[in-house]
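No experiment lies behind these values; they were computed from the predicted model shown.
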Amino acid sequence: MDFHNPIITKKPQETARVGQDLARYLVDREGGHILCLYGQLGSGKTTFTQGFARGLGIPARLLSPTFIIVRRYQIPEKEIYLYHVDLYRLKTSSEMEGIGLPEIFADLASYTVVEWAERLGELLPKHRIDIRFTVVDYGKHKITITKGN
């Protein structure tokens, strides 16, 4: 899959497949990665993350961590994790520091997916992958993947 151009998906399974393909692509690269997801409600962020987890080999179906903020899943047969973070309910940097985001971002071997990353403010990691989700038509989504600075 070409991750350099915007990707249009027509159904949730396709959005999940983009996440799965990106995970498989990143597994072959050195170290873990931080994925920062941006987009309105219903634009595909959680569906993408569920596919990403499958691509890492995590058999459990991911649930949105909206109310508990962070869920951690061990990647099978490895000593690394997938952190699934949902910042929808948080407003301030101090709230985010209080849930341990700096420590999660410091785990360079693991993978971190942050939904509502625009809320990170000054905590936005320098080395990250930005993924933007846009609803372009009823049922269609545009996914744009870029490398953060």
Side-chain angles (χ1 to χ4, degrees), residues 1-7 9 12-134 141-149:
M1 178 170 287
D2 178 11
F3 297 112
H4 298 97
N5 294 307
I7 300 161
T9 61
Q13 297 87 340
E14 293 176 6
T15 300
R17 182 59 186 238
V18 173
Q20 186 174 2
D21 289 347
L22 181 60
R24 289 178 177 160
Y25 173 82
L26 293 176
V27 163
D28 293 335
R29 305 312 182 260
E30 184 72 26
H33 296 275
I34 300 170
L35 282 64
C36 292
L37 280 49
Y38 309 85
Q40 66 192 48
L41 279 171
S43 62
K45 296 181 300 292
T46 300
T47 300
F48 172 91
T49 304
Q50 290 168 341
F52 189 82
R54 273 195 308 277
L56 294 175
I58 297 171
R61 184 177 192 287
L62 267 69
L63 302 173
S64 178
T66 299
F67 294 101
I68 62 169
I69 314 300
V70 178
R71 288 188 189 265
R72 184 178 82 166
Y73 301 87
Q74 184 162 358
I75 297 172
E77 301 177 18
K78 298 185 180 185
E79 295 297 320
I80 59 175
Y81 301 94
L82 167 63
Y83 296 94
H84 184 191
V85 181
D86 187 331
L87 300 178
Y88 182 73
R89 295 182 44 211
L90 300 185
K91 306 284 188 247
T92 67
S93 294
S94 61
E95 288 177 309
M96 292 176 216
E97 289 174 0
I99 62 165
L101 281 184
E103 292 82 8
I104 291 170
F105 293 158
D107 184 356
L108 301 178
S110 293
Y111 296 86
T112 304
V113 176
V114 181
E115 295 188 40
W116 302 96
E118 59 271 18
R119 297 182 182 205
L120 284 170
E122 63 197 38
L123 293 176
L124 188 67
K126 187 174 187 176
H127 299 288
R128 66 186 187 277
I129 298 170
D130 289 327
I131 305 174
R132 300 187 187 282
F133 296 81
T134 309
H141 297 89
K142 179 170 82 170
I143 303 169
T144 306
I145 302 171
T146 57
K147 200 164 194 176
N149 292 339

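Put simply, the side chain of Arg89 never gets that close to the backbone of Ile69: no donor and acceptor are under 3.5 Å apart. A side-chain donor-acceptor contact under 3.5 Å links Lys45 to the backbone of Gln40. His84 places no side-chain N or O within donor-acceptor distance of the main-chain N or O of Glu115, the cut-off being under 3.5 Å.
A side chain to side chain donor-acceptor pair (under 3.5 Å) check over residues 102-114, counting only residues at least two apart or in different chains, returns the pairs Tyr83-Asp107, Asp107-Ser110.
Counting heavy atoms from C-beta on, the side chains of Pro125 and Leu120 come closer than 4.5 Å. The closest side-chain heavy-atom distance from Val18 to Thr15 is not below 4.5 Å. In this structure, the side chains of Ile104 and Tyr81 stay at 4.5 Å or more apart for every pair of heavy atoms. Annotation: side chain of Leu22 is in contact with side chain of Leu35 (closest heavy-atom distance under 4.5 Å). A heavy-atom distance below 4.5 Å is not found between the side chains of His33 and Arg128.
Residue Phe133 is tested with Phe48, Trp116, Tyr38 for a ring-ring contact (aromatic ring centres under 6.0 Å, His included); the sole match is Phe48.
Taken to the nearest 0.5 Å, the CD1 atom of Ile7 stands 11.5 Å off from the NZ atom of Lys142. To the nearest 0.5 Å, atom CG of residue Leu56 and atom CZ of residue Arg24 are 10.0 Å apart. The CG atom of Leu41 sits 9.5 Å away from the OG1 atom of Thr46 when rounded to the nearest 0.5 Å. Atom CG of Asn5 sits about 13.5 Å away from atom CD1 of Ile143, to the nearest 0.5 Å. Gln20 contributes atom CD, which lies 12.0 Å from atom CD of Gln50 (distance to the nearest 0.5 angstrom).
Applying the 6.0 Å contact sphere to CD of Gln13 captures more than 12 heavy atoms from other residues, nucleotides or ligands.
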